[in-house]
Chemist: 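Sharing a structure, written as structure tokens. Questions coming.
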Number of protein chains: 2
Amino acid sequence: MTASQVIKRGELARRSGCNLETIRYYENIGLLQPPERTASGHRLYPPGDQARLGFILRGRDLGFSIEELKSLLSLVDSHPYSCGEVRDLTNNHLASVRAKIADLTRLERTLADVSARCEGGDVPECPIIDTLFGRGPGAR
Amino acid sequence: MTASQVIKRGELARRSGCNLETIRYYENIGLLQPPERTASGHRLYPPGDQARLGFILRGRDLGFSIEELKSLLSLVDSHPYSCGEVRDLTNNHLASVRAKIADLTRLERTLADVSARCEGGDVPECPIIDTLFGRGPGAR
DNA sequence: GTACTCCCTGTAGTAACTACAGGTTCAAGC
DNA sequence: GCTTGAACCTGTAGTTACTACAGGGAGTAC
């Protein structure tokens, strides 16, 4: 770890891999605190802010919503934070991810099924279109 | 099939289960053609439009985007439509659904893993927070 | 004739950004 | 000291797929 000075927004974007505008957006919605500025108004991010952005980006990659990240961060900000609340939030999120997977898996089966019937080519009309018009055997 | 007269927007919404405003939205973006109107401007939907909305709603349930539905409908509108193009569109969509499932499944494993380590309770700090700060063993 | 529901329009709000326009400021080279 | 170009600043609009609302006109029952 050698990066331990304040940096500007462009450098923070480069280091974190985050879009430049997204950093300002996160500040606007309160995920990042407004940082110190130079006399002329340029933002200056100390290492703590850099770590916080990393936290946000990793959370985002794990599919946490902005609201969930806000909750998570407010827990982190309150020393000592409650590990149980963090776990609850994670488990709730996990449940919604699992629900989404289940939904998509049902979808996948329907699509695969309909596509396979089309590829068989042993029907006069297009079974995909029939399904969408609610006419085919695959109608939900 | 007994429903074969023209109906107004509210009735179409009730029959199809579609939100009232969504019907107007679909007209605005060109998914539904502008229907005939009464002298005073009320929209009148013949059975063809009702079937078309059903098509759109079923496609939507299968996760097709508006743009994909536009393509699908323009294929349907061109008689005779190419069954191969319909299948290609469906298979592309299927591929993206599968990719999404794969993404979410990876996510699910990470979340479940991190949550399980927290529930073990045999660590001094919260492993979920550690992961998000890029400190824990679960850091991606 | 009035009360009530339905329908009309345009516009704004949602999530989570991303992009743009129009204007400073900074750093380097000459 | 001056100029050039990159980087920064701000506010605002666009993205997807709707949903909701405000303020008005139309249709129907009593």
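For clarity, every value in this text was computed on a predicted model and none was experimentally measured. Proteins get letters first, then strands, A, B, ... in listed order; numbering begins at 1 in each. These values consider heavy atoms only, across backbone and side chains, with no hydrogens, waters or symmetry-generated copies.
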Chemist: With the side chain counted from C-beta on, respond yes when B/D113 and B/R117 share a heavy-atom pair under 4.5 Å apart, and no when they do not.
Modeler: yes
Chemist: Rounded to whole Å, how long is the line connecting atom CG of A/D61 with atom C1' of C/dA16?
Modeler: 14 Å
Chemist: Looking at five pairs on each end of the helix from C/dG1-D/dC30 to C/dC30-D/dG1, what is the angle between the two axes, given to 10 degrees?
Modeler: 30°
Chemist: Looking at side-chain heavy atoms only, is the closest gap between B/L57 and B/S16 below 4.5 Å?
Modeler: yes
Chemist: Suppose the criterion is ring pair (Phe, Tyr, Trp, His ring centres under 6.0 Å): which pairs have a residue in residues 33-75 of chain A, not counting sequence neighbours?
Modeler: A/F55-B/F133, A/F64-A/H93
Chemist: Base, sugar-phosphate, or nothing for B/T38, non-hydrogen atoms under 4.0 angstrom?
Modeler: nothing
Chemist: Going by an N to O cut-off under 4.0 Å, is there a salt bridge joining B/R24 and B/E21?
Modeler: yes
Chemist: Starting from the C-alpha separation in whole Å, work towards a yes-or-no answer on side chain to side chain contact (heavy atoms under 4.5 Å, CB included) for B/L44 and B/I7.
Modeler: CA-CA 5 Å; B/L44 294 175; B/I7 55 179; over 6 Å; no
Chemist: Any carboxylate oxygen within less than 4.0 angstrom of a Lys/Arg side-chain nitrogen, looking at A/R14 and A/E11?
Modeler: yes
Chemist: Rounded to the Å, how far apart are A/L53 CG and C/dC17 C1'?
Modeler: 14 Å
Chemist: How long is the line joining OH of B/Y25 and P of D/dC21, in whole Å?
Modeler: 19 Å
Chemist: Is any side-chain N or O of A/T22 closer than 4.0 Å to OP1 or OP2 of C/dC17?
Modeler: no
Chemist: Treating primed atoms plus P, OP1 and OP2 as sugar-phosphate and everything else as base, which nucleotides of nucleotides 1-12 of chain C get B, S or - for protein heavy atoms under 4.0 Å?
Modeler: ------SSBB--
Chemist: Remember a base hit wins even if backbone is also touched, and classify A/Y26 as base, sugar-phosphate or nothing at under 4.0 Å, heavy atoms.
Modeler: sugar-phosphate
Chemist: Within this structure, what is the NZ-to-P distance between A/K100 and C/dA15, rounded to whole angstrom?
Modeler: 14 Å
Chemist: Between P on C/dA16 and CD1 on A/I23, what's the gap in Å once rounded to a whole number?
Modeler: 18 Å
Chemist: Answer yes or no: is there an ion pair linking A/R43 with A/E36, defined by an N-O contact shorter than 4.0 Å?
Modeler: no
Chemist: Are B/L20 and B/V6 connected, step by step, through hydrophobic side chains (Ile, Leu, Val, Met, Phe, Trp, Tyr) whose heavy atoms are closer than 4.5 Å?
Modeler: no
Chemist: In whole angstroms, how far is the C1' atom of D/dA17 from the CZ atom of B/F64?
Modeler: 16 Å
Chemist: Does a side-chain N-to-carboxylate-O contact under 4.0 Å join A/R52 and A/D77?
Modeler: yes
Chemist: Tell me: CD1 of A/I7 to C1' of D/dA7, nearest whole Å?
Modeler: 14 Å
